**Q** 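There's a structure below that I have some questions on.
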Amino acid sequence: MTIEFTVFKGSEDGTIKQSKTSKPDLKDNDVLVHVTASGLCGTDEHYRNTDMVLGHEGVGRVKAVGPTVQDLKVGDRVGWGYEHSSCGRCQQCLRGSETYCPSRAMYGEADFDQGSFASAAVWKEDFLFKIPDSLSDEAAAPLMCGGATVFNALRVHDTQPTDRVGIIGMGGLGHLAIQFAAKMGCDVVVFSGTDSKREEALQLGAKEFYATKGVKELKIRQPLDQLLVTTSAQPDWNQYLPVLAPGACIVPLSISAGDLSIPYMPILLNGLRIQGSIVAPRYTHRQMIAFAALHGIHPIIEKFPMTADGITKAMHELDEGHVRYRAVLLPQGA
């Protein structure tokens, strides 16, 4: 029996198009998920002009399962993120870093006929994550990519509760990074252009806040052990390298098409490390969900209807920098 559901796609001129997708009957470990919430991520903007179904921060309820599904059952709440599958046999998969699998299926590279901007989707059980009762659908959705991205960035550095963690930017990623790092016991230091977000950053768990606009030299209490870059553009490295402790780790999370340009000698003389990081592999993703549920970490969200007009408005607000701090799309009537 063919499964049909509504989807929302990008197009050559950037217009959001409502369409239909059909999938064959469920086989093997396929799971049909009825979408109840979807986060809007900055990455979705990059594919707005592509003929593909948008969205990769999906949450919903299991409606049906394939014949070899083992752990999920109808009615379970699940979520999914940027990666849809991997080979399961290569060195990267076997050591739990399947996000670097040469055969990985990722958003924007595979499964163009479905995404989280939809009424439903069919995904492999292995890449779906159960959502704890303490996390609502709308709170869980932005964690599927935004939360997984910043949590993984903290994990790749093996962040310790004694670390001083600097976070550049307090937007969709930054406000989640503050919460995760603070709940890990870290001394969190936030850098933002102006003072407008100071009080909110401190409420979320930051211990220090510094406005950087027009400031040539940063003066902070103690050097940083780690620096997460969550802004949409690369920072002025001459401003930040002097506040890093010897051996500190820089984790760039901003999406930029240009080259990474950074002063050379401070990297050598201070033993600094620049660590690439993408979304979390499955084990770390599950840790992130459990950690967020245990410590009450919730994104600050704005809600929009999951319609062509609602998606268009949400993307416009995101592009203008007006979203505080993650947009969540909800089916009409939700």
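Each residue takes its place number in the sequence, starting with 1. Only a predicted model underlies this, so the values are computations on that prediction, with no experimental measurement involved.
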**Q** Do the side chains of Ile131 and Val31 join up, straight or via other hydrophobic residues, at under 4.5 Å, putting them in one cluster?
**A**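 Result: no, two separate clusters.
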**Q** Does Arg282 make a cation-pi contact with Phe127 (under 6.0 Å, within 45 degrees of the axis)?
**A** yes
**Q** Apply side-chain hydrogen bond (donor to acceptor under 3.5 Å, both in side chains) to the pair Tyr210 and Glu208, showing each step before the final yes or no.
**A** CA-CA 7 Å; Tyr210 298 93; Glu208 299 171 48; 2.4 Å; yes
**Q** What is the minimum heavy-atom distance between Phe117 and Gly39, and which atoms define it?
**A** CE1-O, 3.6 Å
**Q** Between Lys20 and Thr6, do the side chains contain an N or O donor and an N or O acceptor separated by less than 3.5 Å?
**A**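 Looking only at side-chain atoms, Thr6 and Lys20 do form a donor-acceptor pair, the distance falling under 3.5 Å.
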**Q** If you measure from CG on Leu72 to CG on Asn29, what distance do you get to the nearest 0.5 Å?
**A** 9.5 Å
**Q** Could you tell me whether Glu302 and Arg324 have a side-chain N and a carboxylate O separated by less than 4.0 Å?
**A** no
**Q** Let me confirm one number: the CE-CZ distance from Met106 to Arg104, rounded to the nearest 0.5 Å.
**A**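 The distance works out to 4.5 Å.
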**Q** Which residues pass the side-chain hydrogen bond (donor to acceptor under 3.5 Å, both in side chains) test with Thr15, sequence neighbours left out?
**A**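 side-chain hydrogen bond (donor to acceptor under 3.5 Å, both in side chains) check on Thr15 returns Asp13.
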**Q** So do the side chains of Leu40 and Val328 get within less than 4.5 Å of each other, counting heavy atoms only?
**A** no
**Q** Output, in order, the C-alpha distance, side-chain angles, deciding distance and verdict of salt bridge (Lys or Arg N to Asp or Glu O under 4.0 Å) for Lys9 and Asp51.
**A** CA-CA 6 Å; Lys9 307 173 70 174; Asp51 181 21; 3.1 Å; yes
**Q** Mind checking the OH-CZ spacing from Tyr47 to Phe112? Nearest 0.5 Å is all I need.
**A** 8.0 Å
**Q** Rounded to the nearest 0.5 Å, how far apart are CZ of Phe5 and OG of Ser19?
**A**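 Answer for the CZ-OG pair, Phe5 versus Ser19, is 10.5 Å.
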**Q** Does any part of the side chain of Ile274, heavy atoms only, come nearer than 4.5 Å to the side chain of Leu272, both counted from C-beta?
**A**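 In short, these two side chains do not touch, never coming nearer than 4.5 Å.
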**Q** Under 4.5 Å between side-chain heavy atoms, counting indirect links through other Ile/Leu/Val/Met/Phe/Trp/Tyr residues: same cluster for Val33 and Val69 or not?
**A** yes
**Q** Donor-acceptor pairs under 3.5 Å, side chain of residues 235-249 to any protein atom, not counting sequence neighbours: which ones?
**A**
residue : atom : partner : partner atom : Å
Asp236  : OD1  : Asn238  : N            : 3.1
Trp237  : NE1  : Ser261  : O            : 3.4
Gln239  : NE2  : Val215  : O            : 2.6

**Q** Is it true that Val7 and Val122 fall in one hydrophobic cluster, defined by side-chain heavy atoms closer than 4.5 Å?
**A**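 Shared cluster, yes.
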**Q** Tell me, with the steps shown, if His157 and Asp163 meet side-chain contact (heavy atoms from CB on, under 4.5 Å).
**A** CA-CA 10 Å; His157 178 58; Asp163 285 350; 4.0 Å; yes
**Q** I need the Lys197 NZ to Glu200 CD distance, nearest 0.5 Å.
**A**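 Between atom NZ of Lys197 and atom CD of Glu200 there are 8.0 Å.
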**Q** Evaluate the side-chain contact (heavy atoms from CB on, under 4.5 Å) criterion for residues Thr231 and Val229: first the C-alpha distance (whole Å), next the side-chain angles of each, then the deciding distance (0.1 Å), finally the verdict.
**A** CA-CA 6 Å; Thr231 50; Val229 183; 3.7 Å; yes
**Q** Hey, is CZ on Arg286 packed in by over 12 heavy atoms from elsewhere, all under 6.0 Å?
**A**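 Open.
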**Q** What side-chain donor-acceptor pairs closer than 3.5 Å can you find for residues 52-63, not counting sequence neighbours?
**A**
residue : atom : partner : partner atom : Å
His56   : ND1  : Asp44   : OD1          : 3.0
Glu57   : OE1  : Arg326  : NH2          : 3.3
Glu57   : OE2  : Gly146  : N            : 3.1
Glu57   : OE2  : Arg326  : NH2          : 2.5
Arg61   : NH1  : Gly75   : O            : 3.1

**Q** Between Phe151 and Leu128, is there shared hydrophobic-cluster membership here, with clusters defined by ILVMFWY side-chain heavy atoms closer than 4.5 Å?
**A**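 No, no single cluster joins them.
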**Q** Answer yes if Val323 and Leu329 sit in the same cluster of Ile, Leu, Val, Met, Phe, Trp and Tyr residues linked by side chain heavy atoms under 4.5 Å apart, and no otherwise.
**A** yes
**Q** Are Gln226 and Thr159 close enough that a side-chain donor and a side-chain acceptor fall under 3.5 Å?
**A** yes
**Q** Could you list the donor-acceptor pairs under 3.5 angstrom formed between side-chain atoms of residues 83-95 and any protein atom two or more places apart in sequence or on another chain?
**A**
residue : atom : partner : partner atom : Å
His84   : ND1  : Asp111  : OD2          : 2.8
Arg89   : NH1  : Cys87   : O            : 3.2
Arg95   : NE   : Ser97   : OG           : 3.4

**Q** Could you check whether atom CD of Glu12 has more than 12 heavy atoms from other residues, nucleotides or ligands sitting under 6.0 Å from it?
**A**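 No, because the 6.0 Å sphere around CD of Glu12 holds 12 heavy atoms or fewer from other groups.
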**Q** Please walk me through it: do Thr43 and Tyr82 pass side-chain contact (heavy atoms from CB on, under 4.5 Å)?
**A** CA-CA 10 Å; Thr43 311; Tyr82 212 84; 3.1 Å; yes
**Q** Counting N and O atoms only, with roles assigned by atom type, does the side chain of Asn270 sit under 3.5 Å from a partner on the main chain of Ile267, one being a donor and the other an acceptor?
**A** no
**Q** Side-chain donor-acceptor pairs under 3.5 Å in residues 167-196, sequence neighbours left out?
**A**
residue : atom : partner : partner atom : Å
His175  : ND1  : Gly171  : O            : 3.0
His175  : ND1  : Gly172  : O            : 3.2
His175  : NE2  : Ile300  : N            : 2.9
Gln179  : OE1  : His298  : N            : 3.4
Gln179  : NE2  : His175  : O            : 3.2
Gln179  : NE2  : His298  : O            : 3.1
Asp187  : OD2  : Arg164  : NH1          : 2.8
Asp187  : OD2  : Arg221  : NH2          : 2.9
Thr194  : OG1  : Ser196  : N            : 3.4
Thr194  : OG1  : Ser196  : OG           : 3.1
Asp195  : OD1  : Arg198  : NE           : 3.0
Asp195  : OD1  : Arg198  : NH2          : 2.6

**Q** Specify the closest pair of heavy atoms between Ala118 and Val35, including all atoms of both residues, with the distance to one decimal.
**A** O-CB, 3.3 Å
**Q** Side chains of Trp80 and His285: does their closest heavy-atom pair fall under 4.5 Å?
**A** no
**Q** What pair of heavy atoms forms the shortest contact from Thr2 to Ser22, and how long is it?
**A**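 Shortest heavy-atom contact: CG2-CB, 3.6 Å.
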**Q** Any side-chain heavy-atom pair from Glu45 and Leu318 closer than 4.5 angstrom?
**A** yes
**Q** Side chains of Phe209 and Glu199: does their closest heavy-atom pair fall under 4.5 Å?
**A**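 No - every pair of side-chain heavy atoms lies 4.5 Å or more apart.
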**Q** Tell me, which pairs form a side-chain hydrogen bond (donor to acceptor under 3.5 Å, both in side chains) where one or both residues lie in residues 67-79, sequence neighbours left out?
**A** Lys73-Asp76, Arg77-Asp137
**Q** Of all heavy-atom pairs between Asp158 and Gln160, which one has the smallest distance, and what is that distance?
**A**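 Closest approach of Asp158 to Gln160, heavy atoms only: O-NE2, 2.9 Å.
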**Q** Should we say atom NZ of Lys219 is surrounded by more than 12 heavy atoms from elsewhere, each under 6.0 Å from it?
**A**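 No - once you tally the heavy atoms of other residues, nucleotides and ligands closer than 6.0 Å, there are 12 at most.
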**Q** Would you check if Met288 and Arg155 make a side-chain contact, meaning some heavy-atom pair closer than 4.5 Å?
**A** no
**Q** So Val251 and Leu227, side-chain contact (heavy atoms from CB on, under 4.5 Å) or not? Walk me through it.
**A** CA-CA 6 Å; Val251 187; Leu227 183 66; over 6 Å; no
**Q** Can you confirm whether Gln234 sits close enough to Ile262 that some side-chain heavy atom of one is under 4.5 Å from a side-chain heavy atom of the other?
**A** no
**Q** Closest heavy-atom contact between Gly115 and Ala121?
**A** O-CB, 4.1 Å
**Q** Between OG of Ser116 and CH2 of Trp123, what distance do you get to the nearest 0.5 Å?
**A** 8.5 Å
**Q** Kindly give the heavy-atom pair with the smallest separation between Ile3 and Pro24, and that separation in Å.
**A** CD1-O, 3.9 Å
**Q** Is the closest side-chain heavy-atom distance between Leu253 and Thr149 below 4.5 Å?
**A**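 In short, these two side chains touch, coming nearer than 4.5 Å.
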